[in-house]
Amino acid sequence: MPIVLYHWLPSPPSRAVLTTAKAIGVSVTVKMIDLFKKQHLTDEYLKVNPEHTVPSLDDNGFILHDSHAIATYLVSRYGKDDSLYPKDVKQRALVDQRLFFHGAKLFPRLRATAFPVFFLGKRNVDADARDAIYDALGNLERYLEPTGWVAGDHATVADISCGVTAGTLKAMGVDFSAYPKIRDWLKNCRSTFSGYEEANQEGEKIFGDGIKNLVGPKAYLR
Ligand SMILES: N[C@@H](CCC(=O)N[C@@H](CS)C(=O)NCC(=O)O)C(=O)O
């Protein structure tokens, strides 16, 4: 039976899972859940994920949601080695910390500005919410300083999660001129993870262009 990924093209967490699946070469059957059509709020989908978020995964009856939990599960279960999610306790703890940074800070700050625009009719970005994004990017720039990767000396799932979200912020019009490490690392992410472009190009553009069309191309500039 195929592994099913409930996915929405524009969603950064959802694209991070698809990128991870492609990077480790595990095949998933994608079922699109269109948030614009409220398909995440159907009874059928709420049985899969009561939190009504994408992504969710159904691995032959084993149902999981939250992109970080899914990505680390896929690498642990299907990865050819542990490089993307190291087994070494300290290395893994560092990757986990950066995944929590993404899940608790970087992505929620993107979402705090985009959700009201896409779904609640808001047509501007508040300065404090915008500044909170730059604050999180400042953290990320620091994390990249020692090695050029988010956690430890090589690419991991933390680079995928943070990279997909940072790439989306760039597409939304966030100014990366103060973050040279992030700019270099984003290029490295695109070339390091096989399938990165395939998993992200279209959704990143839909998200970025969608936001810019609704709030204007300069809404995220300070
Ligand atoms: N922590 C979750 C966040 C997922 C999330 O917020 N996804 C958004 C799309 S980008 C969503 O499904 N929103 C619909 C909702 O919250 O009702 C993850 O990493 O998977």
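Atoms within a ligand are numbered from 1 in the order they appear, just like the ligands themselves. Please read all numbers here as calculations on a predicted model, not as lab measurements. Hydrogens, waters and symmetry mates play no part in the numbers below; they use all other heavy atoms, side chains included.
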Worksheet item: side-chain hydrogen bond (donor to acceptor under 3.5 Å, both in side chains) between Y220 and T113: does it pass, once the steps are laid out?
Response: CA-CA 10 Å; Y220 283 89; T113 64; 2.6 Å; yes
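Side chain to side chain, D96 and Y85 meet the donor-acceptor criterion of an N or O pair below 3.5 Å. Side chains of N200 and T19: a donor on one and an acceptor on the other come within 3.5 Å. Y78 and D59 share a donor-acceptor pair across their side chains, judged by distance under 3.5 Å alone.
Here the protein heavy atom with the shortest distance to atom 20 (O) of ligand 1 is S67 N, 2.8 Å. The nearest heavy-atom contact from the protein to atom 1 (N) of ligand 1 is D66 OD1, 2.9 Å. Closest protein heavy atom to atom 9 (C) of ligand 1: S11 OG, 3.7 Å. Protein heavy atom nearest atom 7 (N) of ligand 1, with residue, atom name and distance: V54 O, 3.0 Å. Scanning all protein heavy atoms for the shortest distance to atom 3 (C) of ligand 1 gives F107 CE2, 4.1 Å.
Every atom of ligand 1 is numbered from 1 in the order shown, and the set under 4.0 Å from a heavy atom of P55 is 20 (O). Near H68, meaning under 4.0 Å from one of its heavy atoms, ligand 1 places the atoms 19 (O).
Proximity of H65 to ligand 1, defined as any heavy-atom pair under 4.0 Å, is not found for any part of the residue. Using a 4.0 Å cut-off between heavy atoms, R111 contacts ligand 1 through its side chain alone, with no backbone atom that close. Neither the backbone nor the side chain of I70 comes within contact range of ligand 1; no heavy atom lies under 4.0 Å. Residue contacts with ligand 1, taken as heavy atom pairs separated by less than 4.0 Å, do not involve F115 at all.
R190 contributes no side-chain N or O that, together with a main-chain N or O of Y196, makes up a donor-acceptor pair within less than 3.5 Å. Checked by atom type and distance alone, the side chain of N49 never pairs as donor or acceptor with a backbone atom of H65 at under 3.5 Å.
Between W8 and ligand 1, a contact under 3.5 Å exists for no N or O pair.
A cation-pi arrangement is present between R111 and F115 under the rule of less than 6.0 angstrom and at most 45 degrees off the ring axis.
Residue H52 holds the heavy atom nearest to atom 14 (C) of ligand 1 of all those in K38, H52, H102. Of the listed residues (L41, T165, L99, L35), the one carrying the non-hydrogen atom nearest atom 11 (C) of ligand 1 is L35.
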